Enquirer: 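What follows is a single structure, and I will ask about it in a moment.
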Amino acid sequence: MKLSEIIKTTATLISREDVCEYLNNTNGSYSRETYETVDLLTRLANLVVTELAEGFICMVEEVEINSDSVTFSNLEKTPIGIIGAFDRFGNKIEYSLSPYGLTTNGVIIKKLAYSYSPNNYDLSDTIGNFEKRVSAIVLAYGVVAEYCLVRGKFEEATMW
């Protein structure tokens with residue numbers, strides 16, 4: 001799903017039709033408040049995605065490897081944790097972990113699965129894969145709760 005889908009769903013929940021219109025047609029002329037709200041909702045959506053990925057429902061990346069060791073700095077995304085290393089048959093491989101990477105006892109790693117903390121997404125970006133299904137509406141509820149908090153609406157935030 002794209003980040004803009006989460007923002008659009010959030011805007012619907014907080015009755016901000018101007019934000020929905022902006023997301024549907026960015027070529028028009030909109031108020032400063034609309035632009036500021038889109039920016040705020042984008043930052044809050046990134047916060048919610050990161051909170052989930054780092055604590056509740058991991059974001060998972062799987063990469064092809066053809067080596068008996070992996071250096072974390074060579075991976076596209078910075079790992080939070082290793083889910084598993086797998087051989088060419090899909091069997092889990094035992095490995096030794098260090099702060100800089102992992103190694104096996106000579107067994108070739110064909111696939112590595114790891115959890116990571118996502119970078120900030122732009123409106124047009126597709127967010128990464130969570131280990132479990134997370135819908136746009138679930139993320140939007142989290143964004144609405146954060147939006148209520150920054151607006152000082154603590155009781156509403158608790159409700160969301």
Side-chain angles (χ1 to χ4, degrees), residues 1-14 19-20 23-24 26 37-151 154 156-160:
M1 86 189 79
K2 292 194 177 295
L3 190 70
S4 60
E5 294 172 40
I6 300 165
I7 304 301
K8 199 181 301 183
T9 304
T10 302
T12 300
L13 293 172
I14 61 173
V19 171
C20 290
L23 293 172
N24 287 330
T26 58
T37 302
V38 169
D39 179 61
L40 176 61
L41 293 177
T42 300
R43 288 183 283 130
L44 292 174
N46 275 297
L47 176 71
V48 168
V49 167
T50 301
E51 282 181 30
L52 276 177
E54 291 180 349
F56 299 104
I57 304 173
C58 299
M59 292 191 101
V60 177
E61 181 75 5
E62 291 184 354
V63 293
E64 297 292 322
I65 308 286
N66 281 313
S67 176
D68 65 348
S69 65
V70 176
T71 304
F72 294 148
S73 62
N74 291 338
L75 296 173
E76 186 177 322
K77 298 174 173 126
T78 305
I80 295 176
I82 302 300
I83 295 168
F86 305 91
D87 65 15
R88 63 186 175 121
F89 301 110
N91 299 316
K92 270 195 167 184
I93 301 170
E94 298 227 1
Y95 55 85
S96 298
L97 201 54
S98 78
Y100 307 103
L102 63 91
T103 58
T104 67
N105 290 332
V107 179
I108 300 297
I109 301 167
K110 198 66 174 161
K111 182 171 71 171
L112 178 70
Y114 63 94
S115 61
Y116 67 94
S117 180
N119 294 328
N120 283 334
Y121 296 106
D122 290 327
L123 283 172
S124 61
D125 291 341
T126 300
I127 66 169
N129 297 318
F130 287 97
E131 66 180 340
K132 297 178 182 173
R133 188 178 181 291
V134 178
S135 65
I137 191 72
V138 168
L139 293 170
Y141 285 173
V143 177
V144 172
E146 296 293 340
Y147 181 78
C148 290
L149 282 175
V150 300
R151 296 287 185 211
F154 302 113
E156 284 183 54
T158 302
M159 179 191 74
W160 287 103

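Keep in mind that what you see is a predicted model, and the values were worked out from it rather than measured.
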Enquirer: When you measure from the side chain of Ser98 to the backbone N and O of Tyr100, does any donor-acceptor pair fall under 3.5 Å?
Expert: yes
Enquirer: Evaluate side-chain contact (heavy atoms from CB on, under 4.5 Å) for Met59 paired with Ile80, printing each intermediate quantity in order.
Expert: CA-CA 10 Å; Met59 292 191 101; Ile80 295 176; over 6 Å; no
Enquirer: So which heavy atom on Ala145 is nearest to which on Ala157, and how close?
Expert: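 Residues Ala145 and Ala157, closest heavy atoms: O-CB, 3.5 Å.
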Enquirer: So how far is it from Tyr147 OH to Trp160 CH2, rounded to the nearest 0.5 Å?
Expert: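 Nearest 0.5 Å value for the OH-CH2 distance: 12.5 Å.
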Enquirer: Do Glu131 side-chain atoms and Cys58 backbone N/O form a donor-acceptor pair below 3.5 Å?
Expert: yes
Enquirer: Minimum heavy-atom separation for Ile83 and Ser115, please, with both atom names.
Expert: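 Shortest heavy-atom separation between Ile83 and Ser115 comes out as CD1-N, 4.0 Å.
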Enquirer: List the atom of Glu62, the atom of Ala113, and the distance in Å for their closest heavy-atom pair.
Expert: CG-CB, 3.9 Å
Enquirer: Between atom NZ of Lys92 and atom NZ of Lys111, what is the distance when rounded to the nearest 0.5 Å?
Expert: 11.0 Å
Enquirer: So Val138 and Arg133, side-chain contact (heavy atoms from CB on, under 4.5 Å) or not? Walk me through it.
Expert: CA-CA 10 Å; Val138 168; Arg133 188 178 181 291; over 6 Å; no
Enquirer: Are side-chain heavy atoms of Phe154 and Leu149 found at a separation under 4.5 Å?
Expert: yes
Enquirer: Tell me the closest heavy-atom pair linking Ser4 and Leu23, and the distance in Å.
Expert: O-CD1, 3.9 Å
Enquirer: Which value, rounded to the nearest 0.5 Å, describes the distance between Glu51 atom CD and Glu146 atom CD?
Expert: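 Separation between the atoms: 5.0 Å.
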Enquirer: If you count the non-hydrogen atoms of other residues, nucleotides and ligands that lie under 6.0 Å from CG in Asn74, is the total more than 12?
Expert: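 Yes, enclosed.
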Enquirer: So, the side chain of Lys2 versus the backbone of Ser124: is there a donor-acceptor pair under 3.5 Å, distance only?
Expert: yes
Enquirer: Taking Thr9 for its side chain and Ile137 for its backbone only, find out whether a donor-acceptor pair lies under 3.5 Å.
Expert: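 Between the backbone of Ile137 and the side chain of Thr9 there is no qualifying donor-acceptor contact (under 3.5 Å).
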Enquirer: Please tell me if the side chains of Leu102 and Ile109 come closer than 4.5 Å, counting only heavy atoms from C-beta onward.
Expert: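 Leu102 reaches Ile109 side chain to side chain.
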Enquirer: Within a 6.0 Å radius of atom CG on Asn129, are there more than 12 heavy atoms belonging to other residues, nucleotides or ligands?
Expert: no
Enquirer: Answer yes or no: are there more than 12 heavy-atom neighbours, outside Asn119 itself, under 6.0 Å from its atom CG?
Expert: no
Enquirer: Could you tell me if the side chain of Tyr141 sits less than 4.5 Å from the side chain of Val48, heavy atoms only?
Expert: no
Enquirer: Can you tell me how far the CZ atom of Phe86 sits from the CG atom of Leu112, to the nearest 0.5 Å?
Expert: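 Between atom CZ of Phe86 and atom CG of Leu112 there are 8.5 Å.
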Enquirer: Check whether any side-chain heavy atom of Thr50 sits under 4.5 Å from a side-chain heavy atom of Tyr121, and report yes or no.
Expert: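 Not touching, per the 4.5 Å side-chain cut-off.
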Enquirer: Walk me through it: do Ile14 and Val144 pass the test side-chain contact (heavy atoms from CB on, under 4.5 Å)?
Expert: CA-CA 7 Å; Ile14 61 173; Val144 172; 3.9 Å; yes
Enquirer: Evaluate the side-chain proximity of Glu76 to Val63: yes if any heavy-atom separation is below 4.5 Å, no if none is.
Expert: no
Enquirer: What distance separates Leu44 CG from Ile7 CD1, expressed to the nearest 0.5 Å?
Expert: 8.0 Å
Enquirer: Would you find a donor on one side and an acceptor on the other, under 3.5 Å apart, between the side chain of Thr104 and the backbone of Asp68?
Expert: yes
Enquirer: Got a donor-acceptor contact below 3.5 angstrom from the Asp87 side chain to the Phe89 backbone?
Expert: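 Indeed, once roles are kept as given, a pair shorter than 3.5 Å links the two residues.
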Enquirer: Dump the intermediate steps for side-chain contact (heavy atoms from CB on, under 4.5 Å) on Ile127 and Leu139, then the final yes or no.
Expert: CA-CA 11 Å; Ile127 66 169; Leu139 293 170; 3.8 Å; yes
Enquirer: If I compare all heavy atoms of Phe72 with all of Pro79, which pair ends up nearest, and what's the gap?
Expert: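 Minimum heavy-atom contact is CD2-CG, 3.7 Å.
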Enquirer: Any side-chain heavy atom of Leu75 within less than 4.5 Å of one from Tyr116?
Expert: no
Enquirer: Determine whether Val70 and Ile82 make a side-chain contact, defined as any pair of heavy atoms from C-beta on separated by less than 4.5 Å.
Expert: no
Enquirer: Can you tell me how far apart CG (Leu123) and OG1 (Thr42) are? Round to the nearest 0.5 Å.
Expert: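 Reported value, rounded in 0.5 Å steps: 4.0 Å.
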Enquirer: Got Lys8 and Asn24 here, is their nearest side-chain heavy-atom distance under 4.5 Å?
Expert: yes
